[in-house]
Amino acid sequence: MASADLNATLLAWPPGHQVAEHVNGELDVLLVVLEGRGSATIDGEAHDLAAGSALLIPRGTRRRISADDPGLRYLSVHRRREPLQIQTTAEP
């Protein structure tokens, strides 16, 4: 779901699914957990995720998110990005 300013994505992960550690230097991201359990590691600090919890992940931080048993269902909310563009490069 997206508006002119905001993007919200519903993610549903099975137990054991994870996103490898990475840095998003562009946007702050708000996670709102709807169901299940998991964890997020932000710049080396572990955070438990459970239904009803919310976590703000500042841009520029290292983050990793994983789903525990019985899985994890959450909203990821952030400022809308500009669409990706295909760019051409000048030939040498």
Side-chain angles (χ1 to χ4, degrees):
M1 172 182 304
S3 71
D5 298 324
L6 198 60
N7 186 337
T9 304
L10 175 62
L11 297 111
W13 294 356
H17 182 82
Q18 66 178 347
V19 171
E21 185 174 83
H22 66 285
V23 174
N24 173 353
E26 296 179 44
L27 303 168
D28 294 338
V29 177
L30 174 66
L31 301 183
V32 180
V33 181
L34 304 175
E35 295 177 349
R37 301 191 62 76
S39 63
T41 303
I42 312 298
D43 280 344
E45 184 178 341
H47 301 270
D48 290 332
L49 301 174
S53 66
L55 178 65
L56 179 62
I57 304 175
R59 72 175 174 222
T61 57
R62 298 196 67 72
R63 79 261 327 255
R64 183 178 66 78
I65 302 168
S66 61
D68 295 339
D69 195 29
L72 183 64
R73 186 175 164 108
Y74 68 94
L75 283 174
S76 172
V77 183
H78 56 78
R79 180 178 43 85
R80 187 168 180 184
R81 299 179 194 185
E82 292 298 318
L84 297 175
Q85 302 287 324
I86 297 174
Q87 303 208 359
T88 60
T89 57
E91 301 227 2

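In what follows, residues are counted from 1 in the order of the sequence shown. Because the structure is a prediction, the values reported are computed rather than measured.
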Return the minimal non-hydrogen interatomic distance between Q18 and R64, and the atom names on each side.
OE1-NH1, 2.9 Å
Distance (rounded to the nearest 0.5 Å) between L49 CG and L55 CG
6.0 Å
Donor + acceptor pair across side chains of S66, S39 (<3.5 Å)
yes
If every non-hydrogen atom of G36 is compared with every non-hydrogen atom of V33, which pair is closest and at what distance?
O-CG1, 4.3 Å
CD on E21 to CZ on R63, rounded to 0.5 Å
10.5 Å
Between I65 and V23, is there a shared hydrophobic cluster once you connect ILVMFWY residues whose side-chain heavy atoms come closer than 4.5 Å?
no
Within the 4.5 Å heavy-atom criterion, are L11 and S76 side-chain neighbours or not?
yes
Nearest heavy-atom neighbours spanning Y74 and L31
CE1-CD2, 3.4 Å
Let me confirm one number: the CG-NE2 distance from D28 to H78, rounded to the nearest 0.5 Å.
11.0 Å
So do N7 and L27 actually touch side chain to side chain, heavy atoms under 4.5 Å?
no
Minimum-distance pair of heavy atoms, taken over all atoms of A54 and L30:
CB-CD1, 4.3 Å
CA sep, side-chain torsions, deciding dist, call: I57, N24, side chain to side chain contact (heavy atoms under 4.5 Å, CB included):
CA-CA 9 Å; I57 304 175; N24 173 353; over 6 Å; no
When rounded to the nearest 0.5 angstrom, what is the spacing between NE2 in H47 and CD1 in I42?
5.5 Å
For S53 against A50, the heavy-atom pair lying closest together:
OG-O, 2.6 Å
Nearest heavy-atom pair of P14 and A67: which atoms, and what distance?
O-CB, 3.4 Å
Does atom CZ of R62 have more than 12 heavy-atom neighbours, drawn from other residues, nucleotides or ligands, at distances under 6.0 Å?
yes
